2 protein chains.
Amino acid sequence: MTPPTAPGIRARNRAAIETEIRRVARRHLAESGAAALSLRAVARDLDMVPSALYRYVASRDDLLTLLIVDAYDDLGDAVDAALGPLEDAAPRSRFVAIAETLRTWALEHPADYALLFGSPVPDYRAPADRTNASGTRVYARLLTLAAGLRTVPDLAGLDEATQLEGAAALDTLVRDPQVALTGVTPLVLQRALAAWHLVHGAVTSEVFEQLGPDVATDPVALFAATADLATAVLFGDAD
Amino acid sequence: MTPPTAPGIRARNRAAIETEIRRVARRHLAESGAAALSLRAVARDLDMVPSALYRYVASRDDLLTLLIVDAYDDLGDAVDAALGPLEDAAPRSRFVAIAETLRTWALEHPADYALLFGSPVPDYRAPADRTNASGTRVYARLLTLAAGLRTVPDLAGLDEATQLEGAAALDTLVRDPQVALTGVTPLVLQRALAAWHLVHGAVTSEVFEQLGPDVATDPVALFAATADLATAVLFGDAD
DNA sequence: CCGATCAGAGAACACTGTTCTTGACAGTTT
DNA sequence: AAACTGTCAAGAACAGTGTTCTCTGATCGG
């Protein structure tokens, strides 16, 4: 009955259930947060007994890893989608696109954002071999933008020695062959990191409501100004 | 036997046990993180039965609130101590002092930092009436620094319209009488927030190792450069 | 000294993650 | 077609959790 090259009933069922688990788990994550993610609750939603879940997932931590990779990929996809139409645009508008995508995605998926960029889950370390590929996608995008820069804008009031020493601390990282830093100078990398930290700090503050709710009447405009500031830090009036 | 005005055995015991609970709970928090903070474990360490703890603490969340206030005050004290000798120093060096104190404190108390600035604990909202006083101390310090500024440095490459719109989003906040914003203009406030976000993003990235361990050979120098950048954003070459 | 108040103990309930055993079925091999 | 093998799910169990009772003493104010 089944075509000769078919995956087989078994394999197909397994794949179906695996995606189903992911789906339910992500829903639970969104609704109750990472710390409250319960295998039993997921199992209940799937009309399964808790132990049965262990056929598909090695442990709670393993499920968490799955969700982390999923979240990283979701964010990566969102960034790629935003960057697609801007392929030939100036680096600074590409940077702004990344920043605003990060913000939008974070506000839409606060639990996922917390999972990726919030406090680390205690006694859990994400296995690098499974998360790295997805986790570095956005950073890679950022680095390609910085790679085009040979110099860095000179802001009034900067202490040159402090800046140089800070950049020097990234020297070994720049030379690390594992990180594909296509000829970025330490100074540029330090600036790019700072720009990213600025964006990131702003998003975290808004998503986690660290300054309380409703700080700004127009959060979008406020963030646009912040992102604009970040581009000024990284690109100056280049382009 | 007991002096007439003595607090009485009961009251004294209670006070002693209350501080003891705080002490043990903070140790557990530091060792295992907020999510793993267990009332039963704390009780065990105090040679108490779990239910006895409920004479002193209304719930686990209540204990968490206690720890949050403690942490905020600890950070506030650290910042105040760092700022003390710099009373007459330039705002920019006071800003740097706040930034570096935040970083040092965060690295020394990562669990407390995660509690205050990391992902919010699910299904827990810190009761504002108990945390506000301690929670706003550092922000108040920051604002007094910004209050001296009448204008904001003009960075090359900034889009003026974007900046103005972003600042306008803070207009109602500036006018809010509840927040004692001693005459800070929206533009200055927006810049101050950005400077803070930059510092904050850098600290979070380092404490939570979001870019992996050992990004910089000299994290202190790297952070100094970041803080320097933040002062340039906020103060320019003023002072 | 006595009744009111409070501290702590102990048991219980409803949860959690995880492991082990056991029975049923699918897929493959003979 | 029969026998074997690996997979799946169920069920029970263990240790842990937060929380709420009830009950016994100790401490307090009058």
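The structure displayed is predicted, hence computed values, not measured ones.
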Round to the nearest Å and state the distance from [X] atom [atom1] to [N] atom [atom2].
X     : N      : atom1 : atom2 : result
B/L64 : D/dG18 : CG    : P     : 11 Å
B/D62 : D/dT20 : CG    : P     : 12 Å
A/I17 : D/dC8  : CD1   : P     : 8 Å
B/Y54 : D/dT17 : OH    : P     : 12 Å
A/D47 : D/dC8  : CG    : P     : 18 Å
B/R14 : D/dC28 : CZ    : C1'   : 14 Å
B/Y56 : D/dT19 : OH    : P     : 18 Å

For this session: Could you tell me whether B/L37 contacts a base, only the sugar-phosphate backbone, or nothing, with contacts defined as non-hydrogen atoms closer than 4.0 Å?
Result: sugar-phosphate
Exercise. Which part of the nucleic acid, if any, lies within contact of B/L53, taking any heavy atom under 4.0 Å across all strands shown: a base, the sugar-phosphate backbone alone, or nothing?
Worked result: nothing
Do [Y] and [X] meet the salt-bridge criterion of a basic N to acidic O distance under 4.0 Å?
X      : Y     : answer
B/R14  : B/E18 : yes
A/R130 : A/D62 : yes
A/R23  : A/E20 : yes

Measure from the side chain of [X], starting at C-beta and using heavy atoms only, and say which of [options] lies closest.
X     : options                : value
A/V49 : D/dG11, D/dG18, D/dT17 : D/dG11
A/A52 : D/dT17, D/dA9, D/dT19  : D/dA9
B/S51 : D/dT19, D/dG11, D/dT20 : D/dT20

Exercise. Got a donor-acceptor contact below 3.5 angstrom from the A/R94 side chain to the A/L86 backbone?
Worked result: yes
For this session: Output yes when at least one side-chain N/O atom of B/R44 is less than 4.0 Å from OP1 or OP2 of D/dT17, else no.
Result: yes
Problem set entry | Heavy-atom contact window of chain A on DNA chain C, given 5' to 3' at under 4.0 Å | C/dT16 to C/dG27
Problem set entry | CG (B/N13) with more than 12 external heavy atoms under 6.0 Å | yes
For this session: Return yes when atom CZ of B/R125 has more than 12 non-hydrogen atoms of other residues, nucleotides or ligands closer than 6.0 Å, and no otherwise.
Result: no
For this session: Taking the side chain as every heavy atom from C-beta outward, state whether B/V207 and B/R103 have any pair of such atoms under 4.5 Å apart.
Result: no
Exercise. Starting at the 5' end of DNA chain D, which residue's closest nucleotide do you reach first, A/R55 or B/P50?
Worked result: A/R55
For this session: Return yes if the base of D/dG16 and the side-chain atoms of B/R40 contain a donor-acceptor N/O pair under 3.5 Å, otherwise no.
Result: no
